[in-house]
Amino acid sequence: VDSTVTLVDAAGRAAHRRPLTRLHVAWPVGVSRSRAHWPADEAWDCFGGPPTANRLGPWITVASVLRGAVEIRLARVDPADADDDPGPFTLRLGGWPLAGTTAGAVRHGPGPWVEITDGRGLRSTLAGLRGLDVVRVHPSRDSNPLGPVSAVPTLATTAPVPH
């Protein structure tokens, strides 16, 4: 969930976005493109290769623009090919995780905005600029190397994304 831009199918399963193709990297902008896919089996095969995709989805292009501690992510879902899974899919963006020994505070703002903070002054904030109207925080236990308790803010679309 953390730091991702992905499509989510009707069953709530997030697509994988690998391998990424780097389209542009020059400070402060990075752009990548990848094919959304849902593996038939999440496990790697016995020869060390990636799992075989059983469903292919549309291509996703993501651009990140940095300025200080602020990152703006732009996402585009390309039109589906004839052989693609037609969906419907929603789009989900995950923020940066915060981890520690205790759960942090969560604040929701007006509109699509969420912020999680910890007791040390760190925070992870997401604000939807257009089309992202579902605000969530994904808590987790024992999944982050920086602490036993972690949380990731996310934004998603309510309506399926056109592709």
Side-chain angles (χ1 to χ4, degrees), residues 1-45 47-99 111-116 122-138 140 143-146 150-163:
V1 174
D2 62 276
S3 310
T4 63
V5 176
T6 192
L7 295 177
V8 178
D9 68 12
R13 216 172 143 207
H16 291 235
R17 289 188 59 226
R18 64 177 187 260
L20 293 174
T21 300
R22 181 176 42 197
L23 299 179
H24 175 81
V25 176
W27 182 259
V29 178
V31 183
S32 66
R33 186 170 190 251
S34 62
R35 184 87 180 261
H37 65 279
W38 290 262
D41 182 359
E42 297 289 338
W44 287 68
D45 71 26
F47 300 107
T52 304
N54 68 342
R55 289 189 300 144
L56 293 175
W59 289 89
I60 305 170
T61 304
V62 178
S64 291
V65 182
L66 305 173
R67 183 172 185 186
V70 175
E71 175 184 6
I72 296 174
R73 282 192 217 150
L74 306 166
R76 182 183 77 201
V77 179
D78 291 333
D81 292 336
D83 295 336
D84 289 348
D85 183 326
F89 308 116
T90 57
L91 182 70
R92 183 182 71 200
L93 279 74
W96 294 100
L98 281 185
W113 181 90
V114 61
E115 179 179 77
I116 55 175
L122 296 176
R123 66 180 180 209
S124 182
T125 307
L126 283 180
L129 299 178
R130 188 174 133 198
L132 300 163
D133 50 357
V134 178
V135 178
R136 291 194 177 109
V137 173
H138 290 264
S140 188
S143 66
N144 192 302
L146 301 178
S150 62
V152 179
T154 66
L155 294 173
T157 61
T158 298
V161 293
H163 59 89

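Remember, it's a predicted structure, so these values are computed and weren't measured experimentally. The first residue of the sequence shown is numbered 1, and numbering continues consecutively from there.
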Check Ser32 against Leu20 and note the closest heavy-atom contact, atom names and distance.
OG-CD2, 4.0 Å
Return the set of residues passing salt bridge (Lys or Arg N to Asp or Glu O under 4.0 Å) with Asp2 (not counting sequence neighbours), or none when no residue passes.
none
Between Asp9 (side chain only) and Ala11 (backbone N and O only), is there a donor and an acceptor less than 3.5 Å apart?
yes
Would you give the length of the straight line joining atom CZ of Arg130 to atom CG of Leu74, rounded to the nearest 0.5 angstrom?
10.5 Å
Any heavy-atom pair between the side chains of Ser64 and Val29 that's under 4.5 Å?
no
Could you tell me which residues satisfy salt bridge (Lys or Arg N to Asp or Glu O under 4.0 Å) with Arg73, sequence neighbours excluded, listed by chain and number?
Glu71
I need the Leu126 CG to Trp113 CH2 distance, nearest 0.5 Å.
10.5 Å
Side-chain contact, heavy-atom cut-off 4.5 Å: Thr6 with His16?
no
Go through the structure and list residues passing side chain to side chain contact (heavy atoms under 4.5 Å, CB included) with Ala151, not counting sequence neighbours.
Ile116, Val137
Under 3.5 Å, side chain of Ser124 to main-chain N/O of Gly95, donor-acceptor pair present?
no
Do the non-hydrogen side-chain atoms of Pro39 and Arg13 ever get within less than 4.5 Å of each other?
yes
Can you find a pair of side-chain heavy atoms, one from Pro19 and one from Ser34, that are under 4.5 Å apart?
no
Taking His37 for its side chain and Arg35 for its backbone only, find out whether a donor-acceptor pair lies under 3.5 Å.
yes
Any pair counted as ring-ring contact (aromatic ring centres under 6.0 Å, His included), so long as it reaches residues 66-93, sequence neighbours left out
Trp38-Phe89, Phe89-His163
Starting at CZ of Arg76, measure out to CD1 of Ile60 and round the result to the nearest 0.5 Å.
11.5 Å
Pairwise distance CG(Asp81) to CG(Leu56) - rounded to 0.5 angstrom:
9.0 Å
Thr158 side, atom OG1; Leu91 side, atom CG - distance, nearest 0.5 Å:
11.5 Å
Looking only at heavy atoms, the pair that brings Val5 and Arg17 closest together is O-CD, 2.6 Å
For side-chain contact (heavy atoms from CB on, under 4.5 Å), just list the numbers for Val135 and Leu155, CA-CA rounded to whole Å, side-chain angles, deciding distance to a tenth of an Å, and then say yes or no.
CA-CA 5 Å; Val135 178; Leu155 294 173; 3.6 Å; yes
Is any side-chain heavy atom of Thr125 closer than 4.5 Å to one of Val114?
no
Nearest-0.5 Å distance, CG of residue Leu132 to OG1 of residue Thr157
7.0 Å
Hits for side chain to side chain contact (heavy atoms under 4.5 Å, CB included) against Thr154, two or more places apart or cross-chain, chain-then-number order -> Val1, Arg92, Arg136, His138, Val152
Can you list everything that forms a side chain to side chain contact (heavy atoms under 4.5 Å, CB included) with Leu23? Sequence neighbours excluded, please.
Thr21, Val31, Arg33, Thr61
Before you tell me yes or no, could you show the steps for Thr90 and Leu7 under side-chain contact (heavy atoms from CB on, under 4.5 Å), namely the whole-Å CA-CA distance, both residues' side-chain angles and the distance that decides it to 0.1 Å?
CA-CA 6 Å; Thr90 57; Leu7 295 177; over 6 Å; no
